[in-house]
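Encoded as structure tokens, the structure appears first; notes follow it.
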Amino acid sequence: MISFCFPFQFIHKLKTYFRHSFINSFFFLFQLFHSIFSEFTSTMARPIESVMDINDSKDLWKIAVRCRHLWTVRSSSNKEHLELILVDSKLDMIQAIVPSHLVSKYVGDLAVGASYIMQNFKVSNNDFSFKSTTHGYKLVFCGSTYVKKTELPEIPIDYFNILGLASIADGKFQPNVLVDIVGGVTEILQTQINSDNNKSKFVFMITDMSVHYGAAQGGFPLNVSNAWSGTKLIINDISNVEIKKLKDSLNAELPKLSSSSLQVETTQTSQYSDFDKFIWKAEVISLAEIAMLKQETTCVTIAKLEKFEVGNSGWYYDGCAECTKSVAVKDGKLKCYANHISSEPVPRYKLEVLGVDGKFKSRFVFWDSDCFKLIGKSALQMKNELVEAGEDNPLEFPFGLDAMLKKELAIRAVFQPKFNRLSVISFKDDEDSRKKVKDTFKSHEDVSKIPISLSSSQDDMKSLSEPLSVSADFDPNAANSVMTPCKRINPEASEDVESVQLSSTKTMKPVKKEDGR
């Protein structure tokens with residue numbers, strides 16, 4: 001016998017279908033099961049959302065838009081990035097930026113007038129000196145931003161939000177917002193050529209049949225410690241040449257441990273609780289204190305997982321079947337950096353999550369084993385469910401991942417100042433552990449004296465420069481790794497920051513080249 005469990009909203013449908021004849025009922029039940037299955041699988045993928053709803057509460061926005069405008073901005077260091085205006089079916093607009101190190105990846109896919117499904121952006125305040133839209137936020141493309149060209153006839157191809165010249169003459173406009181105007185040129189008032197760059201500036205008069213208006217163009221002390229799986233311990237082996245030399249030099253036998261001393265050592269070791277091991281050789285500090293760290297530090301802290309942070313990759317990477325390192329094709333075989341050979345890659349979690357404690361925030365990287373504990377499914381299961389739901393986009397963050405969010409955890413992690421984030425080693429989610437960690441923090445009076453460190457758009461841009469091939473090679477929970485490896489950083493990242501800041505904070509007009517206009 002097979003039993004089915006139906007949500008309440010489908011019970012009424014069942015009653016209606018059974019009023020029909022047997023044949024019709026069979027047909028309708030088939031449709032019902034199909035609709036139930038479709039509704040279940042559709043919850044794996046995220047829905048299309050309105051441009052007007054975009055805010056910085058998350059990065060996983062999925063929008064259906066048309067590219068209304070596209071241009072290039074060149075920085076003083078001769079780096080170029082793209083800026084574009086996106087409009088949805090409700091005619092709401094938002095500005096987006098493609099940083100210079102990603103221009104080659106996206107420039108071939110973007111065109112004025114084309115429509116797209118886009119998802120996964122960094123979201124920040126619309127702090128341009130001159131704004132192209134009135135939206136309070138702007139979107140910044142990152143390595144995991146997904147762009148798919150799609151026919152969307154419901155979004156008009158040519159959309160202009162015309163502001164009449166009479167309104168401009170009456171001062172009914174926002175001085176820092178760019179507007180669309182239409183009119184005919186009636187007179188050229190002035191022509192000026194810049195001798196430095198041979199650029200021309202024109203001042204002319206236009207009219208829209210209602211008014212004439214002028215326009216211009218233009219830590220711990222030094223210590224010795226063992227390395228995990230890398231230290232070999234030899235005790236009283238007289239066949240070992242070095243041990244024999246040491247014993248001879250001491251001119252006496254090495255002292256032997258009695259059974260009573262061994263019992264004492266065992267008893268003392270067993271006195272360490274699970275929580276003691278959790279905080280062993282770690283700084284127990286709050287996010288407020290972590291914000292002041294200048295060097296790599298192992299610490300234990302408290303944070304509530306707020307939202308996923310998107311970066312250069314999606315929510316998983318292709319891992320080795322024998323270890324947690326990422327794999328790539330080498331010499332015709334699928335190998336990891338430890339040269340393990342795999343027949344096929346194993347999806348492994350790597351999720352960057354924003355953690356919050358009061359008014360302080362930090363970014364945490366959770367690896368495969370900890371993600372599995374929090375989500376309850378392996379990355380392979382999650383990926384297979386997404387494919388079965390008809391979603392083949394590897395950058396689609398399935399809803400099942402949200403099981404991690406809104407949880408307050410005690411977290412042991414390595415703070416990495418180079419990337420301004422914490423790489424998670426382990427966590428505890430029980431109330432007793434959280435209370436013990438909080439009790440160890442400094443008093444609220446002390447913490448209140450620490451200045452708030454708000455992450456800037458430059459910090460966000462720098463975090464996007466980390467290559468997946470390096471970051472995915474380290475899982476602190478792996479049995480064969482306890483050290484954070486050296487990381488490579490994209491040399492163009494700092495210049496990308498400069499180019500974006502030029503457009504968003506400078507009042508001077510950058511040289512712009514327009515496509516299709």
Side-chain angles (χ1 to χ4, degrees), residues 36-47 58-60 62 119-120 142-146 148 305 307-330 332-353 364-407 409 411 423-427 429 466-481 485:
I36 294 172
F37 179 76
S38 298
E39 184 161 331
F40 167 75
T41 55
S42 66
T43 61
M44 290 298 297
R46 299 182 184 269
K58 65 179 182 178
D59 294 344
L60 304 181
K62 186 175 184 179
Q119 63 187 113
N120 303 343
C142 55
S144 61
T145 298
Y146 177 71
K148 181 180 181 181
L305 307 186
K307 68 172 186 175
F308 295 114
E309 295 268 301
V310 296
N312 274 344
S313 57
W315 54 276
Y316 71 92
Y317 64 93
D318 290 331
C320 173
E322 296 186 39
C323 66
T324 61
K325 298 182 183 294
S326 62
V327 294
V329 177
K330 299 177 184 178
K333 296 181 180 179
L334 200 61
K335 296 182 179 180
C336 70
Y337 285 90
N339 284 323
H340 297 141
I341 298 176
S342 301
S343 57
E344 60 182 26
V346 178
R348 296 189 183 277
Y349 289 115
K350 182 202 170 188
L351 286 164
E352 190 165 309
V353 187
F364 295 82
V365 176
F366 283 82
W367 301 91
D368 191 63
S369 60
D370 285 329
C371 290
F372 176 78
K373 293 175 185 176
L374 289 167
I375 297 170
K377 291 182 180 180
S378 67
L380 178 61
Q381 287 176 286
M382 193 72 72
K383 182 181 178 182
N384 288 341
E385 289 179 5
L386 201 60
V387 172
E388 290 171 3
E391 180 58 69
D392 58 355
N393 172 20
L395 299 178
E396 175 77 49
F397 282 64
F399 267 122
L401 301 179
D402 291 0
M404 290 182 59
L405 302 181
K406 309 308 177 185
K407 292 184 177 181
L409 306 175
I411 303 173
S423 181
V424 176
I425 300 173
S426 60
F427 71 89
D429 58 357
E466 181 193 359
L468 170 65
S469 60
V470 180
S471 64
D473 288 337
F474 172 62
D475 182 345
N477 293 310
N480 59 350
S481 176

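Because the structure is predicted, anything quoted here is derived from the model rather than measured.
In this structure, CG on Leu409 lies 11.5 Å from NZ on Lys373, to the nearest 0.5 angstrom. One finds the CG atom of Leu60 at 12.5 Å from the CH2 atom of Trp315 (value rounded to the nearest 0.5 Å). A distance of 13.5 Å separates CD in Gln381 from CG in Leu386, rounded to the nearest 0.5 Å. Atom CG of residue Asn339 and atom CD of residue Glu322 lie 11.0 Å apart, to the nearest 0.5 angstrom. Remark: Lys383 NZ to Tyr349 OH distance equals 12.5 Å, nearest 0.5 Å. Interatomic distance, NZ of Lys407 versus CG of Asp429, reported as 7.0 Å (0.5 Å rounding).
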Run the side chain to side chain contact (heavy atoms under 4.5 Å, CB included) check on Leu334 and Asp318 step by step: do they pass? CA-CA 10 Å; Leu334 200 61; Asp318 290 331; over 6 Å; no
Under the side chain to side chain contact (heavy atoms under 4.5 Å, CB included) criterion, do Val346 and Val327 qualify, and how do the steps go? CA-CA 9 Å; Val346 178; Val327 294; over 6 Å; no
Before you tell me yes or no, could you show the steps for Leu380 and Tyr316 under side chain to side chain contact (heavy atoms under 4.5 Å, CB included), namely the whole-Å CA-CA distance, both residues' side-chain angles and the distance that decides it to 0.1 Å? CA-CA 9 Å; Leu380 178 61; Tyr316 71 92; over 6 Å; no
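For the pair Lys330 and Tyr337, the cation sits on the ring face: its NZ or CZ lies under 6.0 Å from the ring centre, inside 45° of the axis.
Glu391 places a side-chain N or O within 3.5 Å of a backbone atom of Asn393 that can act as its donor or acceptor partner. No donor-acceptor distance shorter than 3.5 angstrom exists from the side chain of Asn120 to the backbone of Val310, with no hydrogens or angles considered. Using a distance-only test at 3.5 Å, with no hydrogens or angles considered, no donor-acceptor pair links the side chain of Arg348 to the main chain of Ser326.
Put simply, the side chain of Thr324 reaches to within 4.5 Å of the side chain of Tyr317, judged on heavy atoms. At least one side-chain heavy atom of Leu401 sits less than 4.5 Å from a side-chain heavy atom of Met382. Proximity of Arg46 to Asp402: side-chain heavy atoms (C-beta onward) are separated by under 4.5 Å at one or more points. In this structure, the side chains of Ile411 and Phe366 come closer than 4.5 Å at one or more pairs of heavy atoms. With a 4.5 Å cut-off on side-chain heavy atoms, His340 and Cys323 count as touching. Using a 4.5 Å heavy-atom threshold, the side chains of Phe308 and Met404 count as touching.
No more than 12 heavy atoms of other residues, nucleotides or ligands sit less than 6.0 Å from atom NZ of Lys148.
Nearest heavy atoms, Leu351 versus Ile375: CD1-CD1, 4.3 Å. Pairing each heavy atom of Ser144 with each of Ser313, the nearest pair is CB-O, 2.9 Å. Among all heavy-atom pairs drawn from Asp368 and Pro347, the shortest one is OD1-O, 4.3 Å. Closest of all the heavy-atom pairs between Ala45 and Phe399 is O-CE1, 3.4 Å. Of all the heavy atoms in Lys325 and Cys336, the pair that sits closest is CB-CB, 4.0 Å. Closest approach of Leu395 to Thr145, counting heavy atoms only: CD1-O, 3.9 Å.
Taking 4.0 Å as the cut-off between side-chain N and carboxylate O, Lys307 and Glu309 count as a salt-bridged pair.
For Trp367 and Ser423, the side-chain atoms include at least one donor-acceptor pair closer than 3.5 Å.
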